[in-house]
Each structure stands twice: as C-alpha cells, then as structure tokens.
Amino acid sequence: MFDFLNRIRCVENKISVKRQILNTAGVMLFGIALGIISKYLDCPPSNGLPFVIELLDFTNFFGRFAVWVFLAVCISVYSVSPGRAAVNVFLFFVGMLASYYTYSTFIAGFFPLSYAMVWGGFTVISPLLAFICWYAKGSGKISLVISAGIIAMLFNMTFVYGWIYFDIRSVLELAIFVCGVIVLRRESVRRTVIMTAVGIVIAIGINMIVPFRFG
C-alpha cells in the first residue's frame with residue numbers, strides 16, 4: 001500500500017504544479033463548453049437542428065446521465081492521482097452547471113430549480129466518486145470490482161430490460177457503454193470479459209433491488 005502511494009507521489013512530482021493547474025483549467029473550460037452546447041441543443045425548435053443531431057436525439061442524450069458519468073470516469077482515470085481526479089471532476093461539473101444554468105436563466109429565460117438541485121447534489125458527491133473511480137485503472141482485484149461497478153452503472157443507463165424484454169435506450173448510449181468498456185479494459189481480453197460479465201451481473205442485481213434508475 002505504501003509503495004503504491006509512493007508511486008502516486010512520484011508521478012505527481014514529475015508533473016509541474018503549473019501543468020496540473022493548466023490541465024484542471026482545461027477540464028473546467030471543457031465543462032463550461034459542454035454546458036453551453038447542451039443547453040443550446042435544448043432551445044431550438046425540433047426542426048431547427050441539423051438532421052443528424054435530430055435523428056440521433058442529441059438533445060435528450062445530454063439531458064440523461066450516461067454521457068456525464070462516462071466523461072467523469074474518463075477524467076478520473078486519466079488524472080495523475082485520486083486527489084487530482086476529485087478536483088478535476090468537481091470543477092468539470094461546476095463549469096458545466098454554471099454555464100448551463102447561466103444560459104438557461106439569462107438567454108432561455110427560465111431556471112428549472114428541481115432539475116438544478118438534482119445536478120447540484122450529483123456535483124457535491126462527484127469528488128468522492130471520482131476519488132474512488134481513479135483506482136479503477138489499477139490491476140488488482142479492488143480495481144476490477146470498481147471497474148465492474150462502473151460498467152454496471154453504464155449498463156443500466158444504456159439498456160432497458162426485464163424478464164421478457166430487452167432494449168437499447170439509444171445508439172448514443174450504446175456507444176458510451178462500448179467506450180466505457182474500452183476505457184476500463186484490463187491488461188488482457190480475458191480479464192476485460194470477466195470485468196464486463198461481473199458488471200452485467202451487478203447491474204441486473206441493482207435493477208432487481210432499486211425501484212428506479214438514472215436514465
């Protein structure tokens with residue numbers, strides 16, 4: 001354990017403080033840009049967007065959780081340490097929400113309070129989740145379980161299923177799920193398959209216990 005922590009410190013020391021600040025600022029700017037884009041897609045009439053965006057339903061896609069969970073996982077696992085992952089993901093969501101609701105209030109002319117409270121709560125707990133997700137890129141059993149848990153969340157955000165039915169929410173969510181498996185892949189195909197299978201089992205268990213899901 002101490003050796004692992006020492007390796008984390010060594011990696012952090014190799015990256016200058018200035019570079020870490022610039023990386024975090026870039027992540028926050030990325031969140032701000034996505035917040036503006038997602039709110040902009042909410043506002044035009046259905047026939048005011050390019051055909052491909054309408055066909056793939058990008059408007060509703062950005063209003064669901066899958067894409068944001070995936071982006072948070074990517075930011076987490078590619079951060080240099082769990083602490084940096086927590087900071088980066090938190091500021092990503094702060095930037096996204098700030099731009100989204102600023103656009104909503106001053107340009108679109110309304111402020112959806114209940115919706116904002118849900119996302120605000122998710123943002124508050126995001127540093128803890130990011131801290132945990134960072135360990136998914138390890139090679140031990142704990143990292144495998146964490147990765148499988150993330151796969152389970154993405155699975156339930158991608159597929160709608162029950163005893164006699166199974167369907168996909170959208171092609172975009174399916175792409176997110178596949179990309180999630182790729183990002184979290186293990187050191188071999190066999191272990192990647194095991195991770196995915198365990199994730200699906202966890203997802204089915206959650207689906208049986210929890211009466212609602214985040215779509």
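Residues: numbered from 1 along the sequence shown.
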Is there a side chain to side chain contact (heavy atoms under 4.5 Å, CB included) between Val183 and Tyr78? Walk through the geometry before answering. CA-CA 10 Å; Val183 168; Tyr78 290 118; 4.1 Å; yes
Please find the pair of heavy atoms, one from [X] and one from [Y], that lie closest to each other, and give the distance.
| X | Y | value |
| --- | --- | --- |
| Ser99 | Gly35 | OG-CA, 3.3 Å |
| Ser147 | Ala136 | OG-O, 3.1 Å |
| Ser76 | Trp134 | O-CD1, 3.0 Å |
| Cys133 | Ile146 | CA-CG2, 4.3 Å |
| Ala152 | Ile202 | CB-CG2, 3.7 Å |
| Ala85 | Ala130 | O-CB, 3.5 Å |

Test side-chain contact (heavy atoms from CB on, under 4.5 Å), reference Val181, set Thr192, Ile150, Leu154, Val193, output is Thr192
Would [X] and [Y] show up in the same hydrophobic cluster when neighbours are defined by side-chain heavy atoms closer than 4.5 Å?
| X | Y | result |
| --- | --- | --- |
| Phe122 | Leu128 | yes |
| Val94 | Leu22 | no |
| Val171 | Phe155 | no |
| Val189 | Val198 | no |
| Ile132 | Val124 | no |

Pairing residues for Phe30 by the side-chain contact (heavy atoms from CB on, under 4.5 Å) criterion, not counting sequence neighbours: Leu34, Leu71, Phe92
Pairwise distance [atom1]([X]) to [atom2]([Y]) - rounded to 0.5 angstrom:
| X | Y | atom1 | atom2 | result |
| --- | --- | --- | --- | --- |
| Thr123 | Trp68 | OG1 | CH2 | 10.5 Å |
| Ile32 | Leu91 | CD1 | CG | 9.5 Å |
| Met157 | Arg169 | CE | CZ | 9.0 Å |
| Asn207 | Ile200 | CG | CD1 | 13.0 Å |
| Leu41 | Ile36 | CG | CD1 | 12.0 Å |
| Tyr100 | Ile37 | OH | CD1 | 13.0 Å |

Distance-only donor-acceptor hits, side chain of residues 109-116, under 3.5 Å, sequence neighbours excluded:
residue	atom	partner	partner atom	Å
Tyr115	OH	Gly63	O	3.1
Tyr115	OH	Trp119	NE1	3.4

Residues forming a salt bridge (charged side-chain N to carboxylate O under 4.0 Å, His left out) with Arg191, sequence neighbours excluded: Glu187
Donor-acceptor pair between Arg19 and Asn23 side chains, under 3.5 angstrom: yes
Could you check if a side-chain atom of [X] sits within less than 4.5 angstrom of a side-chain atom of [Y], using non-hydrogen atoms only?
| X | Y | answer |
| --- | --- | --- |
| Ile176 | Thr158 | no |
| Met195 | Leu144 | yes |
| Val77 | Tyr135 | no |
| Met153 | Phe65 | no |
| Ser126 | Phe131 | no |
| Glu173 | Arg64 | yes |
| Phe70 | Cys74 | yes |

When you look at CZ of Phe166, are more than 12 heavy atoms from neighbouring residues, nucleotides or ligands closer to it than 6.0 Å? yes
Answer yes or no: are there more than 12 heavy-atom neighbours, outside Ile142 itself, under 6.0 Å from its atom CD1? no
With Ser143 via side chain to side chain donor-acceptor pair (under 3.5 Å) - residues at least two apart: Arg186
Who are the side chain to side chain donor-acceptor pair (under 3.5 Å) partners of Ser79, not counting sequence neighbours? Asn88
Residues pairing under ring pair (Phe, Tyr, Trp, His ring centres under 6.0 Å) where one sits in residues 184-207, two or more places apart or in two chains, turn out to be none
How are the rings of Phe177 and Phe159 set relative to one another: parallel (under 30°), tilted (30 to 60°) or perpendicular (over 60°)? perpendicular
Do Tyr161 and Tyr165 have their ring centres less than 6.0 Å from each other? no
